[in-house]
Each structure stands twice: as structure tokens, then as C-alpha cells.
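Each chain gets a letter, A, B and so on, in the order the sequences are listed, and its residues count up from 1.
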Protein chains: 2
Amino acid sequence: MASIRDVAALAKVSTATASRALSGRGPVSPATRERVLRASAELGFVPSANAAGLASGRSRNIGVIVPGVDRWFFAKVVRGISEELLDQGYDLSLYTTGGSHDHQEKVLQDYLLRQRLDAVVPVALELTTRERERLVAIGRPIVGVGGAMPGTLTVGIDQEAAGALATGHLTGLGHRHIAHLTAGKDPHRDFGLTGTRQGGFERAMAQAGLVVRPEWVITSDFTLNDAYARAKALLAAPERPTAVFAASDEMAVGTILAARDLGLRVPDDLSVVGIDGHELGDVVGLTTVAQFPERQGARAAARLLQQLAHDGAPDEPQHETVATDFVVRSSTAVPPSPGSRSRRSAASPSPG
Amino acid sequence: MASIRDVAALAKVSTATASRALSGRGPVSPATRERVLRASAELGFVPSANAAGLASGRSRNIGVIVPGVDRWFFAKVVRGISEELLDQGYDLSLYTTGGSHDHQEKVLQDYLLRQRLDAVVPVALELTTRERERLVAIGRPIVGVGGAMPGTLTVGIDQEAAGALATGHLTGLGHRHIAHLTAGKDPHRDFGLTGTRQGGFERAMAQAGLVVRPEWVITSDFTLNDAYARAKALLAAPERPTAVFAASDEMAVGTILAARDLGLRVPDDLSVVGIDGHELGDVVGLTTVAQFPERQGARAAARLLQQLAHDGAPDEPQHETVATDFVVRSSTAVPPSPGSRSRRSAASPSPG
DNA sequence: GCCGCGAATGGAAACGCTTCCACAACAACC
DNA sequence: GGTTGTTGTGGAAGCGTTTCCATTCGCGGC
């Protein structure tokens with residue numbers, strides 16, 4: 001494997017000059033640079049990341065910490081980050097915590113300290129204060145994606161506004177009986193609870209002069225399957241809402257499927273609105289607040305690279321909001337008139 | 001940041017001994033090891049990955065190349081790999097090609113050569129011969145996941161058997177008019193076309209004495225949405241199959257949703273079977289061949305670590321088959337009797 | 001009682017880069 | 001024409017490990 005010494009020799013310069021020519025740092029005459037580049041190409045030279053990292057303290061490698069990669073939002077975010085990074089010649093080290101605090105501990109304690117990372121992107125991480133301190137302690141730029149994190153720059157949508165937007169759409173249509181499928185929260189989580197989707201729901205309900213029925217605020221786990229089961233219970237009850245605001249599209253689709261299996265028509269008997277912009281929503285005609293997670297990931301990565309280019313000068317810590325898009329499809333409509341709120345005779349047998 | 005020299009000094013040994021004690025390579029007396037470990041803990045010493053990698057040529061970092069991480073199968077595989085690796089203290093570098101050959105080129109050409117990787121896991125990659133050679137040329141262990149790759153160890157299910165199993169289930173139920181939703185193939189792909197799901201379909205059809213209607217072998221792109229659209233066209237045609245074998249669960253679910261939107265009952269009017277074991281299948285009662293991609297990823301990672309432990313002695317190149325599980329749910333049944341094969345009056349209006 | 005051997009240890013040379021520092025050459029300025 | 005800068009270049013000192021080699025020591029076998 002060719003080393004920079006070989007390149008230098010072939011170009012008849014010192015390794016110092018070769019390094020400068022290849023990295024673009026420091027003055028090199030055009031003629032020399034050209035010679036070095038040619039020599040490098042001829043030898044098929046690829047610099048050793050380890051050596052470069054050791055010598056310079058920069059490794060062109062950034063760490064991404066995610067609860068998991070097999071959830072829609074996380075996967076999309078990782079995709080956005082990955083594309084942005086690969087474009088810029090950066091590597092991406094992936095750490096999944098599996099949502100477990102043990103794993104998270106381990107990752108933060110050992111892995112991130114090996115000085116192989118120029119920066120870190122925690123995605124939708126729920127950190128304890130200690131964990132957050134540890135993260136900051138590695139002394140590298142950090143840009144979070146998802147919820148806000150005090151003291152660091154984060155990129156994400158305005159969760160509260162999204163919740164209010166979705167709910168307001170329903171109240172605007174005239175719905176007065178609205179249920180909310182929310183996602184469970186980790187009690188250890190650290191970042192401010194202000195600005196949640198549920199908060200937006202509550203605000204929009206209040207603004208419409210509606211009262212939130214506690215038994216209609218249902219905690220699910222962000223999965224379609226769980227939401228399906230909970231929605232089925234909710235909708236099978238003697239008294240049921242005319243609309244459901246689900247905190248994610250997967251939960252919304254689960255709700256729609258549950259409704260269908262109960263013989264309810266969407267949107268005639270039940271309106272459903274979600275948040276995400278999941279591809280699945282298209283097939284079932286889901287009205288939703290699209291949030292473009294790829295874009296969020298890419299934005300976070302871009303911010304990070306920008307900081308690294310400016311020699312680590314950190315951006316002002318804040319939550320950078322990216323725009324959402326309200327997509328009205330066919331899962332929402334005016335509520336049924338009270339007389340017609342009967343259950344249709346079940347036509348499709350439920351599976352299982 | 002504490003270096004190994006500090007540890008050595010505190011433990012009153014040389015850096016050589018400290019290194020041996022910490023890494024477990026080479027003889028160290030129990031007493032000395034104990035002292036070094038204590039000193040290391042006291043200083044909170046974390047070895048520099050770059051330095052260790054540079055000096056030893058091993059980096060405890062393995063590369064995973066995936067078309068993307070926002071597809072069910074890939075995400076699950078990455079999850080399996082990630083968990084296995086983190087357990088063993090290995091880092092994981094993620095490279096996404098986005099399915100584009102340009103990106104793939106770039107990844108294989110530049111990124112993998114930086115000598116930061118101990119091994120590589122290409123996932124479901126369709127490589128040209130040149131690309132494969134390049135991959136092999138980096139001289140590191142390789143274990144693929146997904147399709148077979150000549151010359152390297154791969155882990156995956158028996159695609160052909162899975163296809164035949166699913167199809168055989170349908171023919172066994174008495175279906176004679178069976179369509180197949182398959183996934184597009186990249187013409188540049190290199191690995192043998194033997195052993196595809198479609199091949200299994202064809203074999204099972206032949207074994208049942210059935211003829212494959214070319215217009216009923218429909219190429220889709222593995223997404224639910226595309227399959228939905230194609231299934232709708234297929235099922236709306238004057239003459240339609242009584243059963244569909246979709247090469248993935250997402251496509252199968254798309255088919256089911258399309259059927260429902262057309263007023264067809266599943267399984268009464270149409271049987272649908274898929275491959276994957278996608279969570280979504282549970283909600284719609286999909287009969288499927290579950291393939292446990294996490295397990296495949298974990299297995300591949302384990303094989304790799306095993307090779308690395310045995311000092312790189314590569315396993316015999318072959319395709320290691322992992323077991324599948326045939327899950328019968330409620331999307332398949334005997335075909336409707338000819339007389340009853342009428343279309344039910346559409347009850348649910350299709351969205352949009 | 002000596003030799004040889006293996007275990008434990010230390011010194012120092014890598015590993016392959018980056019970058020500090022020194023120096024030469026040359027331009028520009030008063 | 002000296003002084004001051006600027007630009008291009010090379011020498012060499014790291015960066016923080018691992019590992020080769022040499023050395024010492026204790027011990028069993030003859």
C-alpha cells in the first residue's frame with residue numbers, strides 16, 4: 001500500500017509538501033501541487049485514516065447515536081445524515097442504544113471517548129443530566145435531532161405547533177370529540193417537556209373551547225401494531241370520538257385499519273390525522289403533518305460540518321426549527337351528524 | 001486526556017507492559033496486571049483508537065455497506081449487526097449507497113481503503129464484477145448478508161425455497177390462478193440468479209402443473225405503495241387471479257389494501273402471501289414466510305468476529321442459510337368456487 | 001552447580017501521517 | 001539597498017499506541 005512517502009518521492013518533494021498539497025492546508029505552488037496530485041493518482045494513494053487522525057486530531061468521522069434504526073423516523077434521519085456526510089467525505093459511525101439506558105451508558109462512556117469522532121449527532125435521545133454532561137465532556141461539536149436539548153444546538157420541527165396544527169384542523173372541521181394517541185415518555189428524560197405534540201393538542205383543544213377527556217388521551221408506543229390494538233379498544237367502546245389525532249403516522253394508520261376492521265368508515269364515521277409524512281399515509285389517504293426527517297438529518301449534519309470547518313466554533317445553542325407541510329388527504333372530514341353516528345354492520349371480518 | 005504513559009507511570013511499569021496488561025496480549029504477571037488496571041481506572045484512561053489502529057493495524061471497527069437504512073429489511077439487518085458488534089466492543093461504520101452505482105463506486109473506492117476497517121459486511125449489494133474485486137482487494141474479511149456472492153461467505157435465507165414454500169402453500173390450497181409480485185433486478189448485478197424467490201415461484205407452479213402467465217408476473221420495487229398501485233391494476237382487470245404471492249410483506253400488504261379498496265375480501269375473494277415477517281403483517285393477518293433479518297445480521301457479524309479472533313482465517317466461502325418460519329394467518333384460504341367469483345359491491349370508497 | 005528455558009519486563013523502533021519551525025527566495029516598500 | 005513580508009519548501013518532532021528485541025530472573029533438569 002502506497003504511503004505518502006512514496007508519493008513524495010515520486011513527486012520529488014518532501015512529505016511535508018506532499019501532505020500540504022493533498023490536504024490543501026498550507027501554501028503550495030500550483031506546479032508542485034499538480035505533480036503531487038499526479039503522483040498520488042498514479043500510485044493509487046489513499047491516506048491512512050488512523051495516521052491522519054492521530055497526527056491531526058481530526059478524523060473525518062462523526063458519530064450518530066440513535067435508539068434504533070428500524071423505526072421510520074430514525075431511519076430517515078440517519079439517511080439524511082449519511083447522505084450529507086458521504087458527500088463531504090466524512091465517515092459515519094453508528095451507535096444504537098436500543099432504547100436501553102444500559103447500552104446508552106456504555107456508548108456514551110466508552111465508545112465516544114476513543115477520540116475517533118470529530119462530532120456527535122444524538123438523535124431523539126432521552127438523556128439524563130449525567131449523560132448529557134458526559135456527552136458535552138467529550139469536547140466535540142454536538143448537534144441533536146428531534147427534541148430540544150438545553151445547551152446544545154438541535155434541529156427539529158416545532159412539535160407543539162405540529163400538534164396544534166393537526167388538532168386545529170380537526171376542531172376547525174367541527175369535531176368536538178377528539179381522542180389523542182400519544183407516545184410514552186421516558187421518566188428519566190432530561191430535555192424540557194415544553195413543546196410536545198401533546199401540548200399542542202391540549203392548546204388547540206383549549207382554544208376551541210373543548211375539554212380533553214383523560215381516558216381519550218391514550219399512551220401508545222409509536223408502533224402501528226400497538227396503536228391498532230388501542231384504537232380498536234377505543235373505538236369499540238360505547239361512546240367513541242369522532243376524530244383521532246395520532247402523534248405519528250404509523251399510529252394513525254393503525255387507527256384507520258382498526259376503524260375499518262370495526263366497520264367504521266374513514267372519514268365518514270371517524271376522522272384521523274397524524275404527524276410524519278410516512279409513505280404509508282399515501283395509500284390510506286391519511287391527512288398528516290409531514291416533517292421530512294431526512295431534511296432534519298441533513299441539516300444537522302450540515303451544521304456540524306460547518307462548525308468543523310470553522311474550527312469548532314460552536315453555533316449558538318438553540319433549537320433550529322425546520323418547516324413542516326400540512327398534507328390534507330381523505331382521512332379527515334366534518335364529523336358525522338349526531339343521528340348518523342351509528343355503527344355500520346361489520347362487513348369485513350377482522351383478521352385472526 | 002490520560003495516555004497510556006500516565007497509566008504506566010502510575011502503575012510503575014513501562015508502557016509496553018501497560019499495553020500488554022490492558023490488551024491482554026503477551027505475558028503479564030497477575031500482580032502487575034492488577035496494578036495497571038487499577039491505575040487505568042483511576043485515571044479514566046481510554047485508549048486512542050487512532051493510535052492503536054495505526055500501531056496494530058486493527059481498528060475494532062467494521063464497515064457495513066447498505067443500499068439504505070430506511071427499508072425494512074436493511075434496517076433490521078443493520079440492527080442485528082449493530083447489536084452484535086456493540087456487544088463485542090466493536091464500532092460500526094455505516095455506508096449507504098442509496099442504490100446508486102455512483103455512490104457505491106465511491107464508497108468502495110475511497111472509503112473502504114482508508115484502513116480504518118477490520119472487515120466489511122455488504123448487505124444485499126448488487127455488485128459488478130469489478131466492484132466485487134475491489135471489495136476483495138482490500139484484503140479484509142467479508143461476510144455478506146442477503147443474496148449469495150461467489151467467493152465470499154454470505155448469510156441469508158434460501159430465497160428459492162422461500163418462494164416455493166409460499167407458492168406451494170397457495171397451490172396446496174387449490175389455487176390455480178396465481179400472480180406474483182416480484183422486485184426489480186439491477187441488470188448490472190453480479191451474483192448468480194439461481195435461487196431467487198421468483199425461481200421458487202416458478203418451480204412450485206410447475207410442480208403443481210400450473211402455467212405461469214407472464215402478465216401476472218409483475219415487477220414492483222419492494223415498496224408497499226408501488227405494489228398497491230400495481231395490485232389495483234391487476235385486480236381491477238376483467239380476469240383476475242385468486243391468489244397473489246408477493247416477494248415481500250410490504251408488497252403483500254399493499255396488495256391486501258388494494259384488494260380491500262376494490263371491495264374484494266381477503267381471503268374469501270383473494271389469497272395473499274408474502275415473505276419477510278414484517279410487523280405490519282400481523283395487523284392485516286398476512287400469511288408469510290418470516291425470515292428474521294436481525295438474526296441474519298447478527299449471524300454475519302458473529303462470523304466476522306470469529307474470523308477476526310482467529311486472526312483473519314477466512315471461513316470457507318459459501319452461503320450460510322438461516323431458517324425461516326412459515327406463519328399462516330388469515331390472508332390465505334381455499335380459492336372461491338367459480339360461481340362466487342363475483343366482485344362484491346364496493347363498500348368502502350377508495351381514498352383520494 | 002551449571003545450563004537452558006520460559007516468563008516477565010523494559011527500551012525503543014515502528015505505524016503513517018501532520019505541522020511546527022527554519023530557511024531560502026523573492027517582492028515590495030521607504 | 002537595506003528592511004520587512006510573503007510564499008514555497010524541507011527537516012524533523014511529534015501524535016499514542018503496539019510490538020520486536022533484549023534483558024533479567026527464577027527454576028527444573030542433568
Any donor-acceptor pair under 3.5 Å linking the side chain of [X] with the backbone of [Y]?
| X | Y | value |
| --- | --- | --- |
| Asp118(B) | Arg60(B) | yes |
| Ser23(A) | Ser19(A) | yes |
| Ser56(B) | Ala52(B) | yes |
| Gln296(B) | Gln291(B) | yes |
| Arg71(A) | Phe222(A) | yes |

- Message: Between the opening five pairs and the closing five pairs of the helix from dG1(C)-dC30(D) to dC30(C)-dG1(D), how far apart are the helix axes, to 10°?
- Response: 30°

From [atom1] of [X] over to [atom2] of [N], roughly how many Å is that when rounded to an integer?
| X | N | atom1 | atom2 | result |
| --- | --- | --- | --- | --- |
| Arg33(A) | dT7(D) | CZ | P | 14 Å |
| Arg60(B) | dT17(D) | CZ | C1' | 15 Å |
| Lys12(A) | dG11(D) | NZ | P | 14 Å |
| Leu43(B) | dG16(D) | CG | C1' | 15 Å |

Pair up each side-chain donor or acceptor in residues 2-13 of chain B with any protein partner under 3.5 Å, not counting sequence neighbours, and list the distances.
unit_1  : atom_1 : unit_2  : atom_2 : d
Ser3(B) : OG     : Arg5(B) : N      : 3.1
Asp6(B) : OD2    : Ser3(B) : N      : 2.8

- Lys/Arg-Asp/Glu bridge criterion (N-O < 4.0 Å) met for Glu84(A), Arg299(A): no

- Query: If you measure from the Lys or Arg side-chain nitrogens to the Asp or Glu carboxylate oxygens, is any gap between Arg116(B) and Asp91(A) under 4.0 Å?
  - Reply: yes

- Item | Sequence-distant partners of Phe292(A), ring pair (Phe, Tyr, Trp, His ring centres under 6.0 Å), two or more places apart | none

With a cut-off of 3.5 Å and sequence neighbours excluded, list every side-chain donor-acceptor pair involving residues 139-154 of chain B.
unit_1    : atom_1 : unit_2    : atom_2 : d
Arg140(B) : NE     : Leu117(B) : O      : 3.3
Thr152(B) : OG1    : Met149(B) : O      : 3.3
Thr154(B) : OG1    : His319(B) : ND1    : 2.7

Short heteroatom pairs, N/O only, protein and nucleotides 19-28 of chain D, under 3.5 Å:
unit_1  : atom_1 : unit_2   : atom_2 : d
dT19(D) : OP1    : Arg58(B) : NH2    : 2.3

- What are the bounds, 5' to 3', of the part of DNA chain C that sits under 4.0 Å from heavy atoms of chain B? dA8(C) to dG16(C)

- Do other residues, nucleotides or ligands put more than 12 heavy atoms under 6.0 Å from Arg295(A) CZ? no

- Query: Base, sugar-phosphate, or nothing: which does Pro47(B) touch, judged by heavy atoms less than 4.0 Å apart?
  - Reply: sugar-phosphate

